[in-house]
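Each remark here refers to the structure printed beneath this line.
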Amino acid sequence: MADLDHSSSDDHSVDSREETSQDSKLEFSEDEETLITRMYNLFGERWPLIAGRIPGRTAEEIEKYWTSRYSTSQ
């Protein structure tokens, strides 16, 4: 039973590390930012289409980046 308790606390620390790594992925290079801006101007909020042009990025990451950077509701 002690092993089960220990593994559950490990699961929590893994989740924390995953959240941290996701936050660091929101750091985009200047080239990525330029490409996202160009693609957004062409296609609008079609995040999966934009993500398909940027290796290693998901639609969710790009949308989150865009809304945190360019959202007009702030």
Side-chain angles (χ1 to χ4, degrees):
M1 288 253 181
D3 290 337
L4 292 175
D5 291 341
H6 184 264
S7 65
S8 66
S9 66
D10 286 346
D11 290 343
H12 178 68
S13 62
V14 169
D15 291 341
S16 298
R17 279 183 263 145
E18 285 176 9
E19 289 174 17
T20 303
S21 67
Q22 286 177 348
D23 291 341
S24 65
K25 285 185 179 181
L26 289 177
E27 296 177 18
F28 286 75
S29 71
E30 188 174 326
D31 289 340
E32 287 175 318
E33 291 177 6
T34 301
L35 183 56
I36 292 168
T37 302
R38 287 181 177 178
M39 297 290 290
Y40 181 85
N41 289 333
L42 288 171
F43 303 116
E45 295 183 357
R46 295 177 67 189
W47 308 120
L49 184 64
I50 296 170
R53 304 288 191 258
I54 304 174
R57 299 293 185 175
T58 66
E60 292 79 17
E61 288 172 335
I62 293 171
E63 181 179 8
K64 191 178 216 181
Y65 164 80
W66 185 266
T67 55
S68 69
R69 186 94 184 236
Y70 298 106
S71 178
T72 58
S73 65
Q74 291 179 356

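The first residue in the sequence is number 1, and the count goes up from there.
Annotation: Trp47 is in aromatic contact with Tyr40 [ring centroid separation under 6.0 Å].
The list of salt bridge (Lys or Arg N to Asp or Glu O under 4.0 Å) pairs with a residue in residues 33-44, not counting sequence neighbours, reads Glu33-Arg69.
Between Ala59 and Ala51, the shortest heavy-atom contact is N-CB, 3.5 Å.
Listed by chain and residue number, Thr58 satisfy the side chain to side chain contact (heavy atoms under 4.5 Å, CB included) test with Glu60 (two or more places apart in sequence, or in another chain). Contacts of Glu45 classified as salt bridge (charged side-chain N to carboxylate O under 4.0 Å, His left out), with partners at least two apart in sequence or in another chain: none. Taking Phe43 as the reference, nothing meets the ring-ring contact (aromatic ring centres under 6.0 Å, His included) condition, with sequence neighbours excluded.
For the atom pair CH2 of Trp66 and CD1 of Ile36, the computed distance is 8.0 Å after rounding to the nearest 0.5 Å. A distance of 11.5 Å separates CD1 of Ile50 from OH of Tyr65, quoted to the nearest 0.5 Å.
Applying side chain to side chain contact (heavy atoms under 4.5 Å, CB included) to Ile62 and the options Met39, Arg53, Arg57, Glu32 leaves one that passes, Arg57.
Counting heavy atoms from C-beta on, the side chains of Thr37 and Asn41 come closer than 4.5 Å.
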